[in-house]
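The structure under discussion appears below in the form of structure tokens.
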Number of protein chains: 2
Amino acid sequence: MTQVQYLTRSDLEGAQQAAWKPKPIINNFAVDTVLDAEAFRKLPILVVKQGAIGLQHMLGDGRQTISVIYFEDEVLDFRHFGKVSGRATCLLPVTVKLYSSDDYDRLQHESTQFQIEHATKQARQLNYASQHSVDLARKSAIEKLASFILESRKRQNLGRGLDVLLRLRRSDIADYMGLRAETLSRAFTKLKKLGLIACDQTDLVHISNEPGLRQMANGKVNWMKTRIQ
Amino acid sequence: MTQVQYLTRSDLEGAQQAAWKPKPIINNFAVDTVLDAEAFRKLPILVVKQGAIGLQHMLGDGRQTISVIYFEDEVLDFRHFGKVSGRATCLLPVTVKLYSSDDYDRLQHESTQFQIEHATKQARQLNYASQHSVDLARKSAIEKLASFILESRKRQNLGRGLDVLLRLRRSDIADYMGLRAETLSRAFTKLKKLGLIACDQTDLVHISNEPGLRQMANGKVNWMKTRIQ
DNA sequence: CGAATAGTTGAGTAGTCTCAAAACAGGTGG
DNA sequence: CCACCTGTTTTGAGACTACTCAACTATTCG
């Protein structure tokens, strides 16, 4: 009796799952497009499929910051956005999948697999934010840049690859790392002169000395004493 | 007699809920206790009931940072902690409720109310982290302190109250705001001289000029020109 | 080609860090 | 009660980093 019930219920659930599936709504946005929360009231959940979306903030006198960046496969949920959360801006040409609140909740509810993945992504996002706070808090410009290069590699799933595409503009990287573009530029030349990285193009960075770069990022190198002239 | 009463009450609660309810395990920790993830393998979810837990990070040469602080009613989930996530340290005497992975998941699964609350808390945590990045990125010491005071008020649910208990030690506040304790101290005296705050004790800050403090926090005041001597 | 945007380089300044010492608070024991 | 200790906060003077503003180079695009 209980067995029959169990099987039947299970079958029904399976049938329901298979029968229902939200058709993903795909959208593209050009660089510098501002994604207004109001415009996404009906489809407030964005899953980035290509490109990058950044949360831009501006202080009263014009100082700019990018607090969080959403890269591929990361989820931006407009439902939980307060007024202080800044504005979402496309830092690259962006492709997103859009979900309505109901659809996304239903996906989560019907598939534990999906729910687990979502929870993991949420937690990862908080980890990135936490690490980013560490980068911003007490690191020097050159250490910040080293950290950024390594973070970029990690978030692009490049594994142990030594060639990292930065993709973002210098000014956006600077905003993200809490620096001025000029200071960032100087940090690039310093890393190059120290032989930790090499770059021919502006976009592509080759990591010449990975342990060195990692130590630099973690503040284990007193680079002042490794004199640069 | 007392036993009968207890059992009856317990049964009622059980019946009201979902016939199942995990007994919360409560624990206390002294200041500066380090909560090792390994020790919480069986009960990896901590809900802070009193005090504050901070994620401490240390750079190679000893520079310290606190990236995230968990205050009352916030959830620290050791399951999603990477190696880089720093160590969890009690910044105040702490009381926590502990949950096992199964219990917490079950609570979420059986009560949509609980699930919504959890999701909201997660999102709020990310918002705090995002705002914190903004504070760290480009703000001056005095602006950082103004931001911290307002953040403290907000997270203590003081509403429009003008008296804020900072509770944390100066050195922890400094670590959190990416400053040295000395610089923080100087920022305090500057805010006092500007008449934005007043404090008799070290712990208690009275906001004397709230709009002014808020403008300071948002970088709308060129406080250099409001000369301090 | 000229206009516009993006990135680099240079000189001077403002603000934070460093290190050292002094003031302050809280608890202990004589 | 005071002297003493430990730990925290404040104050001071000098060094150094990152910012500002300006000019310059490189690249893109009509």
Side-chain angles (χ1 to χ4, degrees), chain A residues 30-32 59 61-65 91-93 135-146 166-193 197 199-205 216 219 221-229, chain B residues 30-32 59 61-65 91-93 135-146 166-175 177-193 199-205 216 219 221-229:
Chain A
V31 181
D32 286 328
L59 296 188
D61 60 350
R63 280 171 284 176
Q64 274 214 7
T65 310
L91 307 179
L92 295 169
D135 292 344
L136 291 176
R138 304 284 315 271
K139 291 187 181 178
S140 69
I142 189 170
E143 290 165 346
K144 284 179 180 178
L145 177 55
L166 296 187
R167 299 162 72 206
L168 270 55
R169 284 172 296 201
R170 291 281 191 267
S171 58
D172 288 333
I173 299 175
D175 284 350
Y176 185 54
M177 299 315 291
L179 298 169
R180 301 255 65 194
E182 297 95 319
T183 310
L184 185 73
S185 176
R186 284 181 247 270
F188 265 106
T189 55
K190 282 176 190 167
L191 277 187
K192 277 187 240 172
K193 282 190 181 171
I197 64 167
C199 41
D200 337 331
Q201 310 161 26
T202 50
D203 231 21
L204 187 69
V205 168
M216 179 62 77
V221 181
N222 195 341
W223 67 272
M224 281 287 297
K225 285 175 184 166
T226 65
R227 45 199 297 96
I228 311 170
Q229 58 275 22
Chain B
V31 181
D32 286 328
L59 297 188
D61 61 350
R63 279 171 284 176
Q64 273 215 8
T65 309
L91 307 180
L92 295 170
D135 291 344
L136 291 176
R138 303 284 314 273
K139 290 187 182 179
S140 69
I142 188 168
E143 291 164 347
K144 284 179 179 177
L145 176 54
L166 296 186
R167 299 163 71 205
L168 270 57
R169 283 173 297 202
R170 292 280 193 270
S171 59
D172 289 332
I173 300 176
D175 285 350
M177 299 314 290
L179 298 169
R180 303 260 55 202
E182 298 93 320
T183 310
L184 185 73
S185 175
R186 284 181 247 269
F188 265 106
T189 55
K190 281 177 192 167
L191 277 188
K192 277 186 240 172
K193 281 192 181 172
C199 39
D200 337 331
Q201 308 161 30
T202 49
D203 232 21
L204 186 69
V205 167
M216 178 63 77
V221 180
N222 194 342
W223 67 273
M224 281 287 296
K225 285 175 184 167
T226 65
R227 48 198 296 94
I228 311 172
Q229 60 273 21

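What you see is a predicted model, and the numbers here were worked out from it, not measured in a lab. Letters go in sequence order (proteins before strands), and every chain restarts at 1.
The residue among Ala141(B) and Ser171(A) whose nearest nucleotide of DNA chain C is located toward the 5' end is Ser171(A).
Across all non-hydrogen atoms, the minimal contact from Gly178(B) to Leu136(B) is N-CD2, 3.8 Å. The shortest heavy-atom contact between Leu184(A) and Ala174(A) is CD2-N, 3.9 Å. For the pair Ile142(A) and Ala187(A), the tightest heavy-atom approach, listed with the atom from each and the gap, is CA-CB, 4.1 Å. Among all heavy-atom pairs drawn from Leu166(B) and Arg170(B), the shortest one is CD1-NH1, 4.1 Å. Taking all atoms of both residues into account, the shortest heavy-atom contact from Phe188(A) to Val205(A) is CE2-CG2, 4.2 Å.
For the pair Lys144(A) NZ and dC19(D) C1', the interatomic distance rounds to 12 Å; values are reported in whole Å. Atom CZ in Arg167(B) sits about 18 Å away from atom P in dT8(D), given to the nearest Å. As rounded to whole Å, 13 Å separates atom P of dA14(C) from atom NZ of Lys190(B). When the C1' atom of dT18(C) is taken as reference, atom CZ of Arg138(A) falls 11 Å away, rounded to whole Å. Leu136(A) has its CG atom 13 Å from the P atom of dA18(D), to the nearest Å. In this structure, CG of Asp200(A) is placed 16 Å from P of dG7(C), rounded to the nearest angstrom. We find that CG of Leu59(B) is positioned 14 Å from C1' of dC17(C), with the value rounded to whole Å. Computed from coordinates, the Ile173(B) CD1 to dT9(D) P distance equals 8 Å when rounded to whole Å.
The shortest distance between the side-chain N/O atoms of Arg180(B) and the OP1/OP2 oxygens of dC17(C) is not below 4.0 Å.
A donor-acceptor contact shorter than 3.5 Å is absent between the side chain of Arg167(A) and the backbone of Leu91(A).
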Under the rule of Watson-Crick or G-U wobble with both distances under 3.5 Å, where | means paired to another strand and [ ] a crossing pair, DNA chain C maps to ||||||||||||||||||||||||||||||

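With sequence neighbours excluded, no residue satisfies side-chain hydrogen bond (donor to acceptor under 3.5 Å, both in side chains) with Lys144(B). Taking the side-chain hydrogen bond (donor to acceptor under 3.5 Å, both in side chains) definition, one finds that Arg63(A) meets it with Asp61(A), Glu143(B), sequence neighbours left out. Residues forming a salt bridge (Lys or Arg N to Asp or Glu O under 4.0 Å) with Asp200(A) (at least two apart in sequence, or on another chain): none.
With dA6(C), dC19(D), dA18(D) as the candidates, the nucleotide lying closest to the side chain of Arg169(A) is dA6(C).
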Summarise how protein sits on nucleotides 24-30 of chain D as a single string, 5' to 3': B when a protein heavy atom is under 4.0 Å from the base, S for sugar-phosphate-only contact, - for no contact.
-------

How far apart are the C-alpha atoms of Met177(B) and Asp135(B), what are their side-chain angles, what is the distance that settles it, and do they pass the side chain to side chain contact (heavy atoms under 4.5 Å, CB included) test?
CA-CA 8 Å; Met177(B) 299 314 290; Asp135(B) 291 344; 4.0 Å; yes

Just do the side chain to side chain contact (heavy atoms under 4.5 Å, CB included) check on Asp32(B) and Arg169(B) with the steps written out, would you?
CA-CA 11 Å; Asp32(B) 286 328; Arg169(B) 283 173 297 202; 2.9 Å; yes

Between the protein and nucleotides 8-10 of chain C, which nitrogen or oxygen pairs come in under 3.5 angstrom?
residue : atom : partner   : partner atom : Å
dT8(C)  : OP2  : Arg170(A) : NE           : 3.3
dT8(C)  : OP2  : Ser185(A) : OG           : 3.4
dT8(C)  : O5'  : Ser185(A) : OG           : 3.3
dG10(C) : N7   : Arg186(A) : NH1          : 3.0
dG10(C) : O6   : Arg186(A) : NH2          : 3.2

